Amino acid sequence: MIRGLAPQPRLLWAVAIGAVLIALAVASPVIGLVAVAYHVGLVVIAARDLALLPGRSGYLVRRTMPEPFSLGEQEDVTVVVENPRAAGLAAKIADHAPAELRPHPRDVESRFDPNGRLRVTYRTSSPRRGAFRFGPVDLQVWRDDGWWRRQVRLQLSDEVAVFPNVVAIKRVQLTLRRGLRAMVGMRRARPPGASTAFAGLRDYVRGDDMRRVSWTATARRDRPVVVEVEAERGQQVMIALDCGRLMTAPAGDLDKLDHAVNAALMLAWVAQAYGDRVGLMTFNDHVTGFIKPERGSTQTRRFTEALYAIRASYVEPDFGHAMTHLALRLGRRSMIVILTDVQDREASKELVAHCLRLAGKHLVLVVAMSDPAVLSARDAPITASSRAYEWAAAEEFVSSRRESFELLRRGGVLGLDVVAGSLSPALVERYLELKERALL
């Protein structure tokens, strides 16, 4: 959007008519006089309309955004412009948002209210972590029956950061406090043998197990009350995050590492909420970061900052070095969650061997993400010979992954293979299941 003045369509038509009159003036002096009068009137009208538009000064602008932005989430950005002289005028705003945040729409039309206040909202989507800068706001104002549009650039600069997905955590906070399975919208009955403890009383909500109703408390409060229980607390969860070559591959809107980052943060928060100590190790061909297992808000902040900064490298991960480092640093039995990628038996041989070794003392869960494009290629109908080759390649790849997970299962290592976009809820669900079964 260019700063300055832009003619309305009606002004362009008026100028075109004036040009025709000038051309006809050659044939008749009377038409020449009409042309002169016409252009004088046009100049007066256009000048009056221009005077009614507010000038470049007098505008106040501010931008309201999420703090911070969340990786992979669609979030709203609101721009507010104020100028009493612009009351009632039509307007269009184009915000200089970073293209990497995929702003949509780029131009938003609206109208100043009677107090001279304009408020517009557009949506962004953050496909990668990092720091970004918002630039100025371009504003275009005009009168509905006017002849000109004034275009102004309003200086406004903001530095923003895209962090791992904190919005998803906020969604489940309230529901987890009520004891529900927020991630999948369902609850599971406590299995036999699960280690649980009394956690308090709360009001009955639809879907609660009637066997958990406390009739004494119900009679005392004169409304249904249930007993809240929780899994055994004070256990230890260690998240090992592969930042090697395979995690650079795209999987849907994000790459595999970013899906893993969101899942790691969600798991850390849920485990903290259930009273467990949580730690983090990042690695590629060497260990790049280690946060020892602890609990508390400070630990969650360390997690968020560490996950914000990590990047995938185009190197092969050294699982032997990483798993040996874990074995030496973890003194007590822990749940070790390895977020990585699993391929055929030969490519995953090192991963399988070292996970089997760790499983002798710890509960090991290997988590891998399926590429939605590969699954679509396998499941789509075969309509041509080229599709048959595509299906065969996809089926062979999926089968080889399945064989690697089967080797892990036989050695006592747990596995989780889910579509990348469903990783966070599936991992949290698996963690809660293991807690209920008292396997940690």
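Since the model is a prediction, treat every value here as computed from it, not as a measurement. Values reported hereafter were calculated over all heavy atoms of this structure, with side chains retained and with hydrogens, waters and symmetry mates removed.
Counting non-hydrogen atoms of other residues, nucleotides and ligands closer than 6.0 Å to CD of Glu67 gives a total of 12 or fewer. Counted within 6.0 Å of CD on Glu403, heavy atoms from surrounding residues, nucleotides or ligands total more than 12; the atom is thus considered enclosed. Counting non-hydrogen atoms of other residues, nucleotides and ligands closer than 6.0 Å to CG of Asp222 gives a total of 12 or fewer. A 6.0 Å sphere centred on CZ of Arg106 holds more than 12 heavy atoms belonging to other residues, nucleotides or ligands.
Between the side chains of Thr218 and Arg223, no donor N or O sits under 3.5 Å from an acceptor N or O. When only modelled atom types and interatomic distance are considered, Asn165 and Ser424 share no side-chain donor-acceptor pair under 3.5 Å. Using modelled atom types and a 3.5 Å distance limit, the side chains of Ser399 and Glu395 yield a donor-acceptor pair. Side-chain contact annotation: Arg149 with Gln8, donor-acceptor N/O pair under 3.5 Å present. Judged by distance alone, the side chains of Asp95 and Tyr122 do bring a donor and an acceptor atom under 3.5 Å apart.
Shortest non-hydrogen contact noted between Asp258 and Arg128 is OD2-CA, 3.9 Å. Looking at every heavy atom in both residues, Arg221 comes nearest to Val225 through CD-CG2, 3.6 Å. When all heavy atoms are compared, the tightest approach of Ala271 to Val278 is CB-CG2, 3.4 Å. Of all non-hydrogen atoms in Pro114 and Ala87, the two that sit nearest each other are O-CB, 3.3 Å. Listed here is the closest heavy atom pair of Val162 and Ser126: CG1-CB, 3.6 Å. Shown here for Pro103 and Thr124, the closest heavy-atom pair between the two residues is CA-CG2, 4.3 Å.
Listed for the His104 side chain is no donor-acceptor partner under 3.5 Å among the backbone atoms of Arg123. A donor-acceptor pair under 3.5 Å is formed between the side chain of Arg333 and the backbone N or O of Lys361. When atom types are taken as modelled, the side chain of Asp255 and the backbone of Leu257 share a donor-acceptor pair closer than 3.5 angstrom. The main-chain N or O of Lys292 is found under 3.5 Å from a side-chain atom of Gln299 such that the two form a donor-acceptor pair. In this structure, Arg430 contributes its side chain and Gly415 its backbone to a donor-acceptor pair below 3.5 Å. Side-chain atoms of Ser214 do not come within 3.5 Å of backbone N or O of Val226 as any donor-acceptor pair. Without hydrogens or angle criteria, Arg409 side chain to Leu414 main chain gives no donor-acceptor distance under 3.5 Å. Checked by atom type and distance alone, the side chain of Arg153 never pairs as donor or acceptor with a backbone atom of Asp138 at under 3.5 Å. A side-chain donor-acceptor contact under 3.5 Å links Arg129 to the backbone of Tyr308. Distance alone, capped at 3.5 Å, is enough to place a donor-acceptor pair between the His362 side chain and the Ser334 backbone.
In this structure, Leu156 and His96 have side chains that are not in contact, with every pair of non-hydrogen atoms separated by 4.5 Å or more. In this structure, Pro54 and Leu89 have side chains that are in contact, with non-hydrogen atoms separated by less than 4.5 Å. Counting heavy atoms from C-beta outward, Val366 and Val352 have side chains that stay 4.5 Å or more apart. Residues Arg133 and Asp158 have side chains not in contact (no heavy-atom distance under 4.5 Å, counting atoms from C-beta outward). When side chains are defined from C-beta on, Val237 does not count as touching Tyr274, because their heavy atoms never get closer than 4.5 Å. Annotation: side chain of Val120 is not in contact with side chain of Val80 (no heavy-atom distance under 4.5 Å).
Both tests pass for Arg329 against the ring of Phe290: distance under 6.0 Å to the centre and angle within 45° of the axis.
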Would you check, one step at a time, whether the test side-chain contact (heavy atoms from CB on, under 4.5 Å) holds for Trp269 with Phe303?
CA-CA 9 Å; Trp269 187 89; Phe303 256 77; over 6 Å; no
Applying side-chain contact (heavy atoms from CB on, under 4.5 Å) to Phe134 and Met65, what does each step give before you reach the verdict?
CA-CA 11 Å; Phe134 281 74; Met65 301 177 293; 3.6 Å; yes
Please assess Ile338 against Val367 for the test side-chain contact (heavy atoms from CB on, under 4.5 Å), listing each intermediate value before the final yes or no.
CA-CA 6 Å; Ile338 303 172; Val367 183; over 6 Å; no
Report the C-alpha separation of Arg245 and Ser313 in whole Å, then their side-chain angles, then the decisive distance to 0.1 Å, and conclude whether the side-chain hydrogen bond (donor to acceptor under 3.5 Å, both in side chains) test is met.
CA-CA 6 Å; Arg245 176 182 61 84; Ser313 304; over 6 Å; no
Checking Arg62 against Glu82 for the salt bridge (Lys or Arg N to Asp or Glu O under 4.0 Å) test, could you report, in this order, the C-alpha distance in whole Å, the side-chain angles of both residues, the deciding distance, and whether it holds?
CA-CA 9 Å; Arg62 67 179 183 275; Glu82 295 179 289; 3.3 Å; yes
Apply the test side-chain contact (heavy atoms from CB on, under 4.5 Å) to residues Met335 and Met238: give CA-CA distance (whole Å), side-chain angles for both, the deciding distance (0.1 Å), then the verdict.
CA-CA 6 Å; Met335 176 182 178; Met238 190 72 197; over 6 Å; no
Could you go through Ser125 and Asp253, starting from their C-alpha distance and side-chain angles, then the distance that decides it, and tell me whether this counts as side-chain hydrogen bond (donor to acceptor under 3.5 Å, both in side chains)?
CA-CA 10 Å; Ser125 177; Asp253 293 333; 5.8 Å; no
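For the pair Glu406 and Arg410, the salt-bridge criterion is met [side-chain N within less than 4.0 Å of a carboxylate O].
Shown here are the ring pair (Phe, Tyr, Trp, His ring centres under 6.0 Å) partners of Phe112, two or more places apart in sequence or in another chain: there are none. With sequence neighbours left out, the side chain to side chain donor-acceptor pair (under 3.5 Å) criterion links His354 to Arg357. Shown here are the side chain to side chain contact (heavy atoms under 4.5 Å, CB included) partners of Thr298, two or more places apart in sequence or in another chain: Arg301, Arg302. Listed by chain and number, the residues in a ring pair (Phe, Tyr, Trp, His ring centres under 6.0 Å) with Phe132 amount to none (sequence neighbours excluded). Every side chain to side chain contact (heavy atoms under 4.5 Å, CB included) that Pro317 has, sequence neighbours left out, goes to Asp242, Phe283, Phe319. Listed by chain and residue number, Lys256, Arg401 satisfy the side chain to side chain donor-acceptor pair (under 3.5 Å) test with Asp341 (two or more places apart in sequence, or in another chain).
In this structure, CD on Gln74 lies 12.5 Å from CZ on Phe69, to the nearest 0.5 angstrom. For the atom pair CG (Leu408) and CG (Leu351), the distance works out to 6.0 Å, reported to the nearest 0.5 Å. The distance from atom CD of Glu75 to atom OG of Ser70, rounded to the nearest 0.5 Å, is 4.5 Å. Put simply, CG on Asp276 and CG on Leu267 are 9.5 Å apart, with the number rounded to the nearest 0.5 Å. A distance of 4.5 Å separates CG in Asn262 from CG in Leu71, rounded to the nearest 0.5 Å. With rounding to the nearest 0.5 Å, the separation of NE2 in His321 from CG in Leu326 is 10.0 Å.
The only option from Thr324, Leu363, Val364 that meets the side chain to side chain contact (heavy atoms under 4.5 Å, CB included) definition with Leu358 turns out to be Val364.
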